[in-house]
Amino acid sequence: MTSKIATAEIAAPYSQALLSLAKAKNLTAEFGEDARSLLSLLSENQDLQNFISNPFISNENKKALIKQILGESGNAYLRNFLFLLVDKRRIAFLEKVLQQYLALLRQLNKTVLAEVTSAVPLSEAQQQAVIQKVLAITNAREVELDSKIDSDLIGGVIIKVGSQVIDASLRGQLRRLSLHLTSNS
């Protein structure tokens with residue numbers, strides 16, 4: 001099994017090459033949207049992950065699937081890049097390449113990623129409030145929200161930006177209250 005460090009080292013030059021291509025063709029935002037869509041598709045479909053990472057499936061079959069996924073209107077530069085990953089036998093690292101591309105794109109755009117976990121989906125107003133809070137604490141130009149639902153939180157939110165965590169969940173408040181009560185007894 002390939003270690004995470006080795007995977008990141010293999011994916012890094014490809015994600016940097018994808019960013020260089022995107023910048024040269026003025027397609028960084030479009031590639032970002034395509035990367036998010038592909039990552040979503042990969043995370044929702046284990047069969048797709050298994051197919052593209054299976055070394056016994058021919059490159060032609062993998063390329064045919066990529067054409068089908070991207071469709072006729074898909075970006076030719078991105079499609080050719082994915083074909084290159086197939087030819088170089090690096091398509092198994094697609095998920096990591098796309099994740100690193102998005103991280104590089106956020107860096108380029110001075111955007112921070114805020115991972116927001118809540119008990120229920122946030123309304124548009126709540127999302128804007130979270131974005132404003134993150135902008136205030138990070139000095140970033142933009143905030144990209146990655147929302148997750150965790151019904152165990154009971155209520156409130158947990159916001160993670162880099163290594164900083166803001167726990168405004170009911171579960172977190174109850175845990176802090178419990179610790180406070182046990183330390184005073």
Side-chain angles (χ1 to χ4, degrees), residues 4 8 11 15-16 18-49 52 66 68-79 81-82 94-180:
K4 284 186 177 189
S15 58
Q16 290 165 351
L18 183 59
L19 182 64
S20 294
L21 172 65
K23 283 170 41 177
K25 302 300 178 186
N26 202 20
L27 295 169
T28 55
E30 185 179 327
F31 278 18
E33 289 305 310
D34 290 341
R36 285 181 197 87
S37 296
L38 285 169
L39 281 170
S40 176
L41 192 60
L42 288 168
S43 71
E44 295 168 4
N45 194 330
Q46 187 62 45
D47 291 339
L48 176 60
Q49 283 184 13
I52 65 169
I66 289 169
Q68 188 178 355
I69 289 171
L70 295 179
E72 290 303 314
S73 61
N75 187 293
Y77 295 113
L78 182 61
R79 183 176 51 244
F81 178 81
L82 296 177
L94 177 60
E95 193 169 2
K96 193 66 180 169
V97 169
L98 295 174
Q99 288 168 346
Q100 286 187 11
Y101 172 80
L102 291 174
L104 291 169
L105 185 59
R106 283 190 293 275
Q107 207 172 31
L108 177 73
N109 294 332
K110 293 184 175 46
T111 301
V112 294
L113 176 64
E115 298 173 25
V116 180
T117 307
S118 58
V120 295
L122 298 178
S123 69
E124 187 63 35
Q126 291 168 322
Q127 288 180 18
Q128 288 306 314
V130 168
I131 288 171
Q132 292 308 313
K133 176 76 173 167
V134 172
L135 284 172
I137 62 174
T138 62
N139 296 327
R141 253 194 298 184
E142 292 181 41
V143 176
E144 183 180 320
L145 291 184
D146 180 16
S147 300
K148 295 180 180 74
I149 306 299
D150 180 357
S151 56
D152 290 342
L153 289 182
I154 307 168
V157 296
I158 297 174
I159 305 168
K160 182 178 180 215
V161 180
S163 61
Q164 190 173 6
V165 177
I166 302 165
D167 187 349
S169 68
L170 201 49
R171 182 178 67 187
Q173 291 172 17
L174 290 171
R175 187 179 329 111
R176 286 188 294 278
L177 180 62
S178 172
L179 289 171
H180 178 71

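Small disclaimer: the values here were computed from a predicted structure and weren't measured.
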Legend entry - Note, Asn75 side chain near Leu70 side chain (heavy atom, < 4.5 Å): no
Inset, instruction - Answer yes or no: is there a donor N or O on one side and an acceptor on the other, between the side chain of Ser20 and the main chain of Gln16, under 3.5 Å? - result: yes
Inset, instruction - Hey, could you give me each pair passing side chain to side chain donor-acceptor pair (under 3.5 Å) that has a residue in residues 151-164? Not counting sequence neighbours. - result: none
Inset, instruction - With the side chain counted from C-beta on, respond yes when Ile52 and Ile66 share a heavy-atom pair under 4.5 Å apart, and no when they do not. - result: no
Inset, instruction - Over all heavy atoms of both residues, which pair between Ala119 and Ile149 is shortest? Give the atoms and the distance, please. - result: O-CG2, 3.4 Å
Legend entry - CZ (Phe81) with more than 12 external heavy atoms under 6.0 Å: yes
Legend entry - Side-chain heavy atoms of Val116 within contact of Val134, under 4.5 Å: no
Legend entry - Min side-chain heavy-atom separation Asp150-Ile158 under 4.5 Å: no
Inset, instruction - Can you measure from CG (Leu21) to CG (Leu27) and round to the nearest 0.5 angstrom? - result: 7.5 Å
Legend entry - Student check: side-chain heavy atoms of Leu102 and Leu113 closer than 4.5 Å: no
Inset, instruction - List the atom of Ala140, the atom of Leu135, and the distance in Å for their closest heavy-atom pair. - result: O-CD2, 3.3 Å
Inset, instruction - Please assess Leu78 against Leu18 for the test side chain to side chain contact (heavy atoms under 4.5 Å, CB included), listing each intermediate value before the final yes or no. - result: CA-CA 8 Å; Leu78 182 61; Leu18 183 59; 4.1 Å; yes
Inset, instruction - With rounding to the nearest 0.5 Å, note down the distance linking CD in Glu30 to CD in Glu33. - result: 9.5 Å
Legend entry - Note, Val130 side chain near Gln126 side chain (heavy atom, < 4.5 Å): no
Inset, instruction - For residues Glu95 and Leu39, determine if any side-chain heavy atom of one lies less than 4.5 Å from a side-chain heavy atom of the other. - result: yes
Inset, instruction - Working to the nearest 0.5 Å, report the span between CD1 of Ile131 and CG of Leu145. - result: 4.5 Å
Legend entry - Any donor-acceptor pair under 3.5 Å from Gln49 side chain to Leu42 backbone: yes
Inset, instruction - Verify the neighbour count for atom CD of Gln68: are there more than 12 heavy atoms of other residues, nucleotides or ligands below 6.0 Å? - result: no
Inset, instruction - Could you grab the distance from atom CD1 of Ile137 to atom CD1 of Ile159, nearest 0.5 Å is fine? - result: 7.0 Å
Legend entry - Atom pair NZ/OG of Lys96 and Ser15 - distance to nearest 0.5 Å: 9.5 Å
Legend entry - Between CG on residue Leu104 and OG1 on residue Thr28, distance to nearest 0.5 Å: 11.5 Å
